Amino acid sequence: MKTLKDVKVGESAIVKKLHGEGPVRRRIMDMGITKGVSLFVRKVAPLGDPMELNVRGYELSVRKADAEMIEVE
């Protein structure tokens, strides 16, 4: 299973499935990360946390813990 955490800087991925439950999953969906959406990894902080993404035309920072819950293809 490939997660968003495995995507390198400069690469794109399509969201396949969201893992996690309750408020955490809801928060990820509220940020615009839903099944079928395209994500582009712009950059990653020096220590690897957080990741900066382009999603639906805007920039978004996501923690590694949240990135592990987003399965991509």
Side-chain angles (χ1 to χ4, degrees):
M1 179 180 87
K2 184 178 177 184
T3 65
L4 179 58
K5 190 178 138 193
D6 303 321
V7 180
K8 306 281 183 242
V9 174
E11 291 181 351
S12 292
I14 305 287
V15 177
K16 193 172 173 186
K17 186 177 180 185
L18 289 176
H19 297 277
E21 338 194 325
V24 177
R25 181 182 170 131
R26 180 82 241 165
R27 186 168 45 83
I28 291 171
M29 291 174 73
D30 288 345
M31 290 189 286
I33 300 174
T34 55
K35 184 178 178 183
V37 77
S38 177
L39 305 172
F40 176 73
V41 180
R42 288 192 64 229
K43 53 187 169 183
V44 177
L47 297 175
D49 205 10
M51 305 172 75
E52 191 172 299
L53 313 171
N54 272 14
V55 183
R56 299 179 188 259
Y58 67 93
E59 295 172 7
L60 176 68
S61 291
V62 176
R63 295 184 306 223
K64 260 189 194 173
D66 294 340
E68 288 178 339
M69 295 181 202
I70 303 167
E71 185 178 337
V72 297
E73 53 185 337

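None of these values were measured; they are calculated from a predicted model.
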J.: Which value, rounded to the nearest 0.5 Å, describes the distance between Lys17 atom NZ and Ile70 atom CD1?
T.: 14.0 Å
J.: Name all pairs fulfilling the salt bridge (Lys or Arg N to Asp or Glu O under 4.0 Å) condition that reach into residues 43-52, sequence neighbours left out, sorted by first residue then second.
T.: Arg42-Glu52
J.: Minimum heavy-atom separation for Arg56 and Thr34, please, with both atom names.
T.: NH2-OG1, 2.6 Å
J.: Holding to side-chain contact (heavy atoms from CB on, under 4.5 Å), I want the full list of residues that pass it with Arg27, two or more places apart in sequence or in another chain.
T.: Val24, Met31, Arg63, Asp66
J.: Less than 3.5 Å apart, which donor and acceptor atoms pair up between the side chains of residues 8-16 and the rest of the protein, not counting sequence neighbours?
T.:
from: Glu11; atom 1: OE1; to: Lys8; atom 2: N; distance (Å): 3.2

J.: Would you name the heavy atoms of Ile33 and Leu18 that are closest together and state the gap between them?
T.: O-CD1, 3.4 Å
J.: Return the CG to CD distance between Leu53 and Glu59, rounded to the nearest 0.5 Å.
T.: 10.0 Å
J.: Take atom CD in Glu73; do more than 12 heavy atoms of anything else shown fall under 6.0 Å from it?
T.: yes
J.: Do Met69 and Val62 come close enough that some side-chain heavy atom pair is under 4.5 Å?
T.: no
J.: Residues two or more places apart in sequence or in another chain: which of them pass salt bridge (charged side-chain N to carboxylate O under 4.0 Å, His left out) with Arg26?
T.: Asp30
J.: With sequence neighbours excluded, tell me which residues meet side-chain contact (heavy atoms from CB on, under 4.5 Å) with Lys35.
T.: none
J.: To the nearest 0.5 Å, how far apart are CD in Glu71 and CG in Leu4?
T.: 11.5 Å
J.: Membership question, hydrophobic clusters at under 4.5 Å side-chain separation (ILVMFWY): are Phe40 and Ile28 in the same one?
T.: no
J.: Kindly write out the residues that satisfy side chain to side chain donor-acceptor pair (under 3.5 Å) with Ser61, not counting sequence neighbours, or none if the list is empty.
T.: none
J.: State, to 0.1 Å, how close Met51 and Ala67 come at their nearest heavy-atom pair, and which atoms those are.
T.: SD-CB, 3.8 Å
J.: Begin from the C-alpha positions of Lys64 and Glu68 and carry the test side-chain contact (heavy atoms from CB on, under 4.5 Å) through to its verdict.
T.: CA-CA 6 Å; Lys64 260 189 194 173; Glu68 288 178 339; 5.6 Å; no
